[in-house]
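Below: one structure, written as structure tokens.
Below, chains carry the letters A, B, ... as their sequence lines are ordered, and counting in each starts from 1.
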Number of protein chains: 2
Amino acid sequence: MLKRLSKYIKKINIKRKTTIKDIANVLNISPAAVSKALHDDSRISEKTKKAVKQVAKNLNYHPNHLASALRKGKSNLVGIIAPRTNSHFFSSVVQSMEEVLNKKGYNIIMTHSNESYKKECDNIDTLLYTQVDGIIASMANETIDLNYYNKIKTKGIPLILFDRGENDLNVDYIGIDDYKSSGIIVQHLVEQGCKRIAHIGGYKHTRIFNNRIRGYMDALKTYHLPLEPELLLEGSLTIKDGRAKMQQLLELKNRPDAIYVASDYAALGALQVLKENNIRVPQDIALVGFGNEPFTSMVTPSITSINQHSEEIGKLAAQTFLEHMKAPVIKQSLNKKILEAELIVRDSSRIKN
Amino acid sequence: MLKRLSKYIKKINIKRKTTIKDIANVLNISPAAVSKALHDDSRISEKTKKAVKQVAKNLNYHPNHLASALRKGKSNLVGIIAPRTNSHFFSSVVQSMEEVLNKKGYNIIMTHSNESYKKECDNIDTLLYTQVDGIIASMANETIDLNYYNKIKTKGIPLILFDRGENDLNVDYIGIDDYKSSGIIVQHLVEQGCKRIAHIGGYKHTRIFNNRIRGYMDALKTYHLPLEPELLLEGSLTIKDGRAKMQQLLELKNRPDAIYVASDYAALGALQVLKENNIRVPQDIALVGFGNEPFTSMVTPSITSINQHSEEIGKLAAQTFLEHMKAPVIKQSLNKKILEAELIVRDSSRIKN
DNA sequence: TAGTGATGCTTAATCGTTTAAGCAAAACAT
DNA sequence: ATGTTTTGCTTAAACGATTAAGCATCACTA
């Protein structure tokens, strides 16, 4: 009874999708011929190809991606791991990756770690489970243990890192020149007449933040400015952290006259505190952020920041992946592409003479 | 020659992943038994199950998702289409969907239409190609033609809309009560003493914006306020559009004393123009936005806005999808879930008495 | 006119997993 | 002791596409 019912239900529900077999039946040729015709195989006559394509259209045929992926051992999916999606930088990077990859027939599976190492590991498992052909990732701030990323490499699929990468991991990397960016910022502040430049930075164990710190310190030396420990702070660079670090700096006997913050979010927090304390920006203290998030131009005063060329980073990362797909054999030379960043000067550091 | 080389290369490269067949060989049982053991089939002895799972672990076995999806006709993937990813609302909705769906073994494929109808169609094709089990979508502003969405329905997979949905399309929908939200806003402004309330709204053909407009108009009637055509403007609700519409309102002989903007982004643009014209907010003109984007609390003055319960929307949409998966037979009753929104009062409309 | 090559298909195996159907052997009932 | 059920597996056929190998047929060459 129940069995018969379930069979009946099946019969109702199953609008069988058309397969190459259906097309083959219509034209009285083999499924193999259909498959080849659809892929423009040279061993199929033009006449047959046309007929096949016409019938395919008529029957509303759509290839079953799962079947071909299984057979070919290739899913045409690319996994992406980003720390956050709500940051303009990351969503812009991803958008430009998508454009490049879609053109080449790849689709994207997006995941975000939300800056958590555990979530990052979950994401990697998910992506490997889904049989992606490769992974493009930017690491969470707290990620130090790289075992999980090695898991990707042992699977034999390409891994490309962007922005937040580790040099220990022997993989391709795309990012901007953080060291140099710090130099540009310090130079700009010096030109505005600043003499005591503080830095609210990220944690040293993340390479990009370490590079920004090194760049800051070396630039201070270049301009013979004081490099005082109390002016160099490390933190998580959230808005909240920016507020806390700014409070800390304001409590100093000898206050800085400029602050370079390694993230726009923390810079915003710092700006809030400055305004709450009626400190004029930039006249009393100049402020520079990092990342060129859209809100930097929305707040008052608008915040000077570093443009990270997100579109370019996304494009290059996607292209690097595509190169891997072309040459499946292990390539010796690694791609480490470092772009030059650009300073966008706004009101928060434009000191009128 | 070339052939032998290619075979050689294959031999080098192929680290064959372990399959159930490998496990079967080790234990001298059939692959079918292994499959059942891994799925805790009742017809397999506990002893065998344990052995299978142990060997699976030892051989680092990971099920091939493509194969099982093909066989079962189910990919365990859910497609998501959002107009934008850089808005806090959408990324928050998606994040909460992901949480619910991951728990039930589903993975997400994210796409964004970037408010373009063409891109939206592409996304639908992509998702159908990837054999997703269902689609959860929010429509682009410019989407009017619904043929592409019908394509999803004819495929026989569930479609759930959120936030931006059309009632013509006979599908499940999750959103907030836009009509009522307008009422709450107008009431709040009246309580602050405002007498001429303008509305910078979205295009009427998008249902949610139409509802906000209707709510605005009906609320004005309720409070016996003037409903003047020059105070009701339609637009794309970008920052730029907000600026333009604000300029337009300032040129009126009889200026409004409050502005309700149907999007935080446009509200921000309006705020910029107000500040540029040295108009005090809220004393001269009060301002209310919509969406509770994080920047509303960051700018000066902070902007009063409507919280759309993004987490709840995401959760409900995901749960609705899961219900479809449980009961594959056509359900009669549609789920239309309308949540109540919440007004977050901030400085831009807090008029000191 | 036999031999060679190109052309245009077909056959059948394969990717890894699931599942309906079947079949021994053990367990239990009568 | 015989029949029935349950247990615990195996067999084999799918899912839909791809592809190596094979086989006619025809054209052309020497």
- Protein-to-nucleotide contact annotation, 5' to 3' order, nucleotides 11-16 of chain D [B base; S sugar-phosphate only; - none; under 4.0 Å, heavy atom]: BBBBBB

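- Residues satisfying the ring pair (Phe, Tyr, Trp, His ring centres under 6.0 Å) criterion with A:Tyr106, sequence neighbours excluded, are A:Phe321.
- Between B:His65 atom NE2 and C:dC15 atom C1' the separation is 15 Å, expressed in whole Å.
- Taking 4.0 Å as the cut-off between side-chain N and carboxylate O, A:Lys49 and A:Glu46 count as a salt-bridged pair.
- Taken residue by residue, residues 40-48 of chain B places heavy atoms nearer than 4.0 Å to DNA chain D at B:Arg43, B:Ile44, B:Ser45, B:Thr48.
- In the helix from C:dT1-D:dA30 to C:dT30-D:dA1, the rotation axis of the first five pairs and that of the last five pairs differ in direction by 50°, rounded to 10 degrees.
- Taking A:Glu115 as the reference, A:Arg84, A:Arg164 meet the salt bridge (charged side-chain N to carboxylate O under 4.0 Å, His left out) condition, with sequence neighbours excluded.
- Contact check on B:Lys72 versus B:Asp133 returns no salt bridge, with no Lys/Arg side-chain nitrogen under 4.0 Å from an Asp/Glu carboxylate oxygen.
- Scanning for side-chain hydrogen bond (donor to acceptor under 3.5 Å, both in side chains) contacts around B:Asn28 gives an empty result, with sequence neighbours left out.
- Contacts of residues 122-134 of chain A with DNA chain D (heavy atom under 4.0 Å): none.
- A:Lys104 and A:Asn102 form no side-chain donor-acceptor contact under 3.5 Å, judged by distance and modelled atom types alone.
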- Steps toward salt bridge (Lys or Arg N to Asp or Glu O under 4.0 Å) verdict (A:Asp125, A:Lys151): CA-CA 9 Å; A:Asp125 283 336; A:Lys151 208 168 163 180; 2.9 Å; yes

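- For A:Phe90, there are no ring pair (Phe, Tyr, Trp, His ring centres under 6.0 Å) partners at least two apart in sequence or on another chain.
- Distances shown here put every side-chain N or O of A:Ser35 at or beyond 4.0 Å from the OP1 or OP2 atom of D:dA17.
- Not a single side-chain hydrogen bond (donor to acceptor under 3.5 Å, both in side chains) links B:Asp41 to another residue, sequence neighbours left out.
- Atom NZ of B:Lys118 has 12 or fewer neighbouring heavy atoms from other residues, nucleotides or ligands inside a 6.0 Å radius.
- In this entry the distance linking CG of B:Asn76 with C1' of C:dT18 reads 14 Å, nearest Å.
- The ring pair (Phe, Tyr, Trp, His ring centres under 6.0 Å) check on B:Tyr129 picks up A:His65, with sequence neighbours excluded.
- Atom CD1 of A:Ile29 is separated from atom C1' of C:dT7 by 15 Å (rounded to the nearest Å).
- Atom C1' of nucleotide D:dT19 and atom CG of A:Leu38 are separated by 15 Å, given to the nearest angstrom.
- Not counting sequence neighbours, B:Lys337 has no partner by the salt bridge (charged side-chain N to carboxylate O under 4.0 Å, His left out) test.
- Per the geometry, NE2 belonging to B:His39 stands 19 Å off P belonging to D:dG8, to the nearest Å.
- In this view, B:Asp163 satisfies the salt bridge (charged side-chain N to carboxylate O under 4.0 Å, His left out) rule with no residue, not counting sequence neighbours.
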